[in-house]
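Since this is a predicted model, take the numbers as computed values, not measurements. Sequence lines set the chain letters: A, B, ... in the order given, protein chains first and strands last, and positions in each chain run from 1.
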Amino acid sequence: MKDQLRQIIETVLTDLIAQNSLPEMALPKIQIDRTKDKLHGDFACNIAMMLARSAKMNPRQIATLLVEALPETDFITRVDIAGPGFINFTLSADTAQQIVKTILAEGDQFGRSDLGSGQSVQVEFVSANPTGPLHVGHGRGAAFGSAVSSLLKTVGFDVHREYYVNDAGRQMDILATSVWLRYLQACGEELVFPSNGYKGDYVLTIADGLKQEYGLSLVKPATVVFDDLVADEPDGGDKEQHIDGLILKAQTLLGDQAYRSVFDAGLNGILSDIRRDLADFGTNYDEWFSERSLMETGVVDKAIDALKEAEMLYQKEGAWWFKSTEFGDEKDRVVVRDNGQTTYFASDIAYHLNKYQRGFDTVIDIWGSDHHGYIPRVKASLAAMGENVERLKVLLVQFAVLYRGSEKMSMSTRSGQFVTLRELREEVGKDAARFFYVLRGADQHMDFDLELAKSQSNDNPVYYVQYAHARVCSVFRQLSERSLAWDKTEGENQLPRLTEDHEQALLSMLSRYPEVINSSAMNYTPHLLAHYLMDLARDFHTYYNAHQFIVDDVPLSQARLTLITAVKQVITNGLSVLGVSSPETM
RNA sequence: GCGCCUGUAGCUCAGUUGGAUAGAGUACCAGUUUCCGAAACUGGGGGUCACAGGUUCGAUUCCUGUCAGGCGCACCA
C-alpha cells in the first residue's frame with residue numbers, strides 16, 4: 001500500500017516538473033507514514049514540506065498542486081492537506097477490509113516476504129564459554145538471537161544459526177583442573193580448592209561422573225599435586241600463578257591422554273547441559289562450531305600465514321603482532337604469544353575468515369556489550385585479509401542488571417553464584433521469559449527483577465497477548481456449544497458490515513503486521529514486533545469488551561467472527577516468530 | 001584519561017529512521033460482569049524528553065559541549 005502511494009506520488013511529481021508546474025529538482029525519497037491519529041486518515045506524506053526549500057515554494061502550495069494532479073484510484077477515498085503541508089490519505093472501506101481476506105488466504109504465511117531474496121546470512125549468538133551452565137545473562141542473547149534469526153527467515157533470508165564453542169584455551173584448562181581436583185576430593189584426597197578454580201556444584205557432578213567411569217585410576221596424591229607451587233592468593237600468593245601451576249601439574253601427572261579425558265569430561269558435561277538448556281528454551285542451532293577444530297585443522301595457522309604474507313604482522317618482544325592500528329584500532333594486537341601459543345584473537349580471526357569462506361552474504365555476530373571493544377580489531381583483521389568488512393554486522397546485547405527485589409545481584413561464573421537459565425525457565429516459564437527478554441531493545445540497559453518476573457508472572461505482558469488468542473478460541477468453542485458455525489465465505493462477503501470504530505482500528509492494526517515484520521527484521525529489532533503484538537491484543541480486548549461477536553444478526557456475526565479469526569492468525573504468526581506459543585486455553 | 005552505549009511519567013520502557021497535541025505497562029484513585037473467559041475493559045491525575053547551545057518550515061530524534069550512569073581499554077577467554 002505504501003509502495004503504491006509512493007509510486008503514484010512520484011509519477012505525479014515528475015509530471016508536474018515536466019509540465020513546468022514545479023521547478024527542475026532532484027526528488028528525495030518519498031516517505032509515506034502511518035498516521036498516529038485517526039483524524040489524519042490512514043497514511044500521511046510529508047513530501048510537500050521536503051520540497052519546499054528546493055522548489056522555493058510554500059509547502060501547502062506544493063501540496064495543493066500535487067493533490068489536484070492525483071489520479072483517481074479505487075483504494076483512496078479521501079485526500080486532505082493538513083497542518084503545515086501534510087497530505088493525508090484515507091483508505092476506502094473496501095481496501096481496509098481486504099486485509100482480512102489476505103490473512104485468511106495466506107494463513108501462517110501471512111507476513112512473509114522475499115525482502116532477503118534468498119541471500120544467505122549466518123547468525124552467531126550466545127556462544128558462552130563451556131565453563132559453566134548458562135545463566136540469565138545468556139538468556140537475553142538466546143532470546144534475541146533466535147528472534148532475529150526467525151525474523152530474517154520470515155523475510156526471505158537463508159539463515160544459518162551457529163554457536164561458537166570455545167573449547168580451547170586457558171579457561172578450559174582451568175575447568176579441567178577444577179574437575180580433576182574435585183575428583184581427587186571425591187576420591188578421598190585432602191586439598192584446598194584454588195580460589196581461582198570453578199566452584200559451582202556442576203563441577204562436583206562432573207567429578208562424580210569421572211569417578212564412576214574411571215574409578216581411582218586418575219588419582220594422584222594431593223601432596224604431590226600441590227608440591228612446589230606458587231601460593232594461592234588467600235595465602236599471600238598469586239591466584240593466577242597458583243592455578244597455572246595446578247594446570248601444569250594436572251597435565252604432567254596425568255599425561256596427555258588422561259588429561260584429555262578429564263578435559264573432555266568437563267567440556268562434554270557442560271556442553272550437553274548448554275545444548276539441552278537452549279533447546280528447552282526454544283533456541284535451536286544449525287551448527288555448533290568448535291574452536292579446537294580451527295586449531296586442529298590448521299585454519300588458525302593459515303590465517304596467520306595469510307596475514308604474514310600480506311605483511312600485516314610483525315615481531316616484537318618475541319610475539320607476533322597484527323597491525324590493527326592501520327585499520328582504525330586503538331593499538332596493535334598480539335596473535336602469537338612469545339611462548340608460541342596463539343591467542344584467542346587469532347582463533348577469532350580464523351573463525352571469521354572461515355565464515356567468509358563459507359560464502360555467507362552477511363555474517364552477524366551477536367555479542368554481549370562488554371565485548372564492544374573487540375569490534376575494531378575483528379573488522380581490522382578482515383580488512384587486512386582483503387575482505388569486505390561490510391558483510392560483518394556486530395549486534396551488541398546489553399547485559400541485564402539482575403535484581404532480587406531491590407537487591408542488586410552480582411553474577412560470577414567462577415564463584416558459582418548465579419541464577420541459571422534453567423531456574424528462570426522453570427520458575428517463570430519459557431514463554432514469559434522469552435517475551436520479557438525481547439520486549440526491550442537489545443542496546444538498552446535492562447533491569448531484570450527476578451522477584452517481579454517470578455512472583456508476578458501473571459502480570460507478564462506475554463499473557464496479555466496469549467489471552468487475546470485464547471479468547472478467540474473460546475468464542476469459537478462457545479459458538480459450537482450453541483450449535484452454530486462460522487462460514488468463512490459468508491463472513492468474507494459480509495465484511496462491509498464491520499463499521500464500528502473498534503473494527504476499523506483492528507483492520508488498520510492488522511494491515512500493519514507485514515510492515516512491522518519487515519522493519520523488525522531489517523533493523524534487527526524484535527522488540528518492535530513484541531510491542532506490536534501488545535497493541536494488537538489491546539485493540540482486540542477493547543473490541544471484545546465493547547461488542548458481542550455471536551449476535552442474532554447472522555451476517556454481522558459472520559463478519560465479526562471472520563475478523564477475529566484474522567486477529568488470531570496474526571497473533572499466532574507473531575508469537576511464533578518470537579518463539580512463544582499460542583495456547584487455546586490458559 | 002580515551003572509546004562505545006544510555007539518560008523520556010514515581011518505577012520499567014516504547015516512540016514508525018526529522019513530523020502534527022510525546023505514548024504504553026506498572027503503581028495510585030474512581031468505575032464496568034443477570035452478556036462469547038474480569039489474566040479483560042472505561043475514566044482520572046502524573047512530563048523542563050538530563051542540561052545548554054546549534055542545524056531548519058519543524059528536534060525526544062541529527063551536530064557540539066556539560067553533567068550523570070553502564071561497559072571496555074591484556075602476550076585472559
Side-chain angles (χ1 to χ4, degrees), chain A residues 31-37 39-40 44 46 48-50 52-53 58-59 82-86 88 129 131 166 168-174 240 291 316-321 330-331 333-345 347-348 368-376 396 398-399 401 439-441 443-449 452 456-464 466-468 470-479 481-482 484 512 515-516 519 523 527-528 530-532 534-535 537-538 540-551 557 560-561 564 585-586:
Chain A
Q31 252 183 59
I32 307 286
D33 291 317
R34 291 272 177 179
T35 55
K36 280 184 205 163
D37 192 330
L39 290 173
H40 298 134
N46 61 1
M49 287 175 294
M50 294 182 76
R53 170 169 268 248
N58 181 316
F86 289 104
N88 293 333
N129 283 355
T131 51
N166 292 115
R170 180 166 171 267
Q171 293 304 320
M172 288 304 297
D173 284 321
I174 294 177
E240 301 293 347
E291 177 187 3
K316 190 177 86 179
E317 294 162 2
W320 284 93
W321 297 69
E330 289 174 354
K331 55 176 81 170
R333 309 290 174 176
V334 171
V335 290
V336 185
R337 287 190 257 164
D338 56 6
N339 64 6
Q341 282 189 324
T342 55
T343 60
Y344 173 85
F345 179 44
S347 294
D348 236 24
S369 60
D370 55 336
H371 284 71
H372 71 256
Y374 216 75
I375 300 172
L396 298 176
Q398 294 285 343
F399 280 134
V401 182
L439 206 49
R440 311 299 181 212
D443 57 356
Q444 195 63 241
H445 300 273
M446 178 168 112
D447 285 355
F448 198 123
D449 182 349
L452 195 74
Q456 300 194 1
S457 62
N458 276 358
D459 287 338
N460 194 297
V462 70
Y463 296 110
Y464 186 79
Q466 290 181 320
Y467 183 45
R471 263 186 155 175
V472 176
C473 296
S474 174
V475 169
F476 279 87
R477 281 193 298 273
Q478 187 64 222
L479 191 69
E481 272 175 31
R482 298 189 197 176
L484 299 170
R512 279 183 52 205
E515 295 165 24
V516 171
S519 92
N523 297 309
H527 74 275
L528 292 182
H531 282 270
Y532 167 83
M534 292 178 64
D535 290 342
R538 178 175 309 111
F540 171 77
H541 286 308
T542 303
Y543 180 39
Y544 183 98
N545 277 57
H547 299 285
Q548 290 279 116
F549 306 145
I550 304 174
V551 290
S557 191
R560 288 181 171 172
L561 291 170
I564 65 171
T585 59
M586 300 184 64

Taking the side chain of [X] as heavy atoms from C-beta outward, which of [options] is closest to it?
{"X": "A:T343", "options": "B:rA38, B:rA20, B:rA77", "value": "B:rA77"}
{"X": "A:W321", "options": "B:rA39, B:rU17, B:rC75", "value": "B:rC75"}
{"X": "A:R471", "options": "B:rU17, B:rC73, B:rA38", "value": "B:rA38"}
{"X": "A:H372", "options": "B:rA77, B:rA20, B:rC4", "value": "B:rC4"}
{"X": "A:T35", "options": "B:rA20, B:rU17, B:rA39", "value": "B:rA20"}
{"X": "A:H541", "options": "B:rG37, B:rC57, B:rA40", "value": "B:rA40"}
{"X": "A:Y467", "options": "B:rC13, B:rA38, B:rA77", "value": "B:rA38"}
{"X": "A:F86", "options": "B:rC36, B:rA20, B:rC41", "value": "B:rA20"}

Q) Residues two or more places apart in sequence or in another chain: which of them pass side-chain contact (heavy atoms from CB on, under 4.5 Å) with A:R337? A)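 If we apply the side-chain contact (heavy atoms from CB on, under 4.5 Å) test to A:R337, skipping adjacent residues, the hits are A:V334, A:N339, A:Q341, A:T343.
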Q. Which whole-number value in Å describes the distance from A:N460 CG to B:rG25 C1'?
A.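 So the two atoms are 11 Å apart, to the nearest Å.
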Contact under 4.0 Å: [X] side-chain N or O vs [N] OP1/OP2:
{"X": "A:Q478", "N": "B:rC35", "answer": "no"}
{"X": "A:H527", "N": "B:rG15", "answer": "yes"}
{"X": "A:R337", "N": "B:rA77", "answer": "yes"}
{"X": "A:K36", "N": "B:rA20", "answer": "yes"}
{"X": "A:Y464", "N": "B:rC41", "answer": "yes"}

Give [X] one of three labels, base, sugar-phosphate or nothing, depending on what nucleic acid heavy atoms sit under 4.0 Å from its own.
{"X": "A:A82", "value": "base"}
{"X": "A:A44", "value": "base"}
{"X": "A:G85", "value": "nothing"}
{"X": "A:R482", "value": "sugar-phosphate"}
{"X": "A:Q398", "value": "sugar-phosphate"}
{"X": "A:L528", "value": "sugar-phosphate"}
{"X": "A:T585", "value": "base"}
{"X": "A:T542", "value": "sugar-phosphate"}
{"X": "A:Y374", "value": "base"}
{"X": "A:R512", "value": "nothing"}
{"X": "A:M172", "value": "nothing"}
{"X": "A:E317", "value": "base"}
{"X": "A:A319", "value": "base"}
{"X": "A:D33", "value": "sugar-phosphate"}

Q | Of A:G318 and A:R538, the one whose closest RNA chain B nucleotide lies more 5' | A |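 With A:G318 and A:R538 compared, the 5'-side residue is A:R538.
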Q. Which residue lies toward the 5' end of RNA chain B, A:R34 or A:P84, if each is placed at its nearest nucleotide?
A.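 By nearest-heavy-atom nucleotide position, the 5'-most residue is A:R34.
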Q. Looking at the angle O4'-C1'-N9-C4 for a purine or O4'-C1'-N1-C2 for a pyrimidine, is B:rU17 syn or anti, with syn meaning within 90° of 0?
A.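 The base of B:rU17 is oriented syn (glycosidic angle within 90° of 0).
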(Q) Checking one value: the base orientation of B:rU21, syn if chi is within 90 degrees of 0, otherwise anti. (A)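 Because its glycosidic torsion lies more than 90° from 0, B:rU21 adopts the anti conformation.
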Establish whether the base of [N] is bridged to the side chain of [X] by a donor-acceptor pair shorter than 3.5 Å.
{"X": "A:H531", "N": "B:rG15", "value": "no"}
{"X": "A:N88", "N": "B:rA20", "value": "yes"}
{"X": "A:E240", "N": "B:rC76", "value": "no"}
{"X": "A:N545", "N": "B:rA40", "value": "yes"}
{"X": "A:N46", "N": "B:rG19", "value": "yes"}

Minimum heavy-atom separation for [X] and [Y], please, with both atom names.
{"X": "A:A44", "Y": "A:N88", "value": "CB-OD1, 3.4 Å"}
{"X": "A:Y374", "Y": "A:D348", "value": "CE2-OD2, 3.4 Å"}
{"X": "A:A470", "Y": "A:R477", "value": "O-NH2, 4.2 Å"}

Q: Name the orientation class of the two ring planes belonging to A:Y543 and A:F549 (parallel below 30°, tilted from 30 to 60°, perpendicular beyond 60°).
A: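 Tilted: the ring planes of A:Y543 and A:F549 meet at 30° to 60°.
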Q. What do the steps show when you test A:Q171 against A:T131 for side chain to side chain donor-acceptor pair (under 3.5 Å), and what is the final call?
A. CA-CA 7 Å; A:Q171 293 304 320; A:T131 51; 5.9 Å; no
Judged by atom type as modelled, is there a donor-acceptor pair below 3.5 Å linking the side chain of [X] to the main-chain atoms of [Y]?
{"X": "A:N523", "Y": "A:S519", "result": "yes"}
{"X": "A:H541", "Y": "A:Y467", "result": "no"}
{"X": "A:T542", "Y": "A:R538", "result": "yes"}

(Q) Do A:R471 and A:Y544 form a cation-pi contact, if we require the NZ or CZ to be under 6.0 Å from the six-membered ring centre and within 45 degrees of the ring's axis? (A)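 Checked: cation-pi criterion met.
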Q: Go ahead and write out RNA chain B as dot-bracket, 5' to 3': ( ) for pairs within the strand, [ ] for ones crossing earlier pairs, | when the partner sits on another strand, dots for unpaired; Watson-Crick or G-U wobble, both distances under 3.5 Å.
A: (((((((..((((.....[...)))).(((((.......))))).....(((((..]....))))))))))))....
Q: Determine the Euclidean distance between corresponding P atoms of B:rA74 and B:rA68; express it in Å to zero decimal places.
A: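 B:rA68 and B:rA74 have their P atoms separated by 25 Å.
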Q) Expressed in whole Å, how much space separates the P atoms belonging to B:rA20 and B:rG58? A)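 Nearest-Å result for B:rA20 against B:rG58 at atom P: 15 Å.
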Q. Is there a side-chain contact between A:Q444 and A:H527, using heavy atoms and a 4.5 Å cut-off?
A.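 With C-beta onward as the side chain, the pair stays apart.
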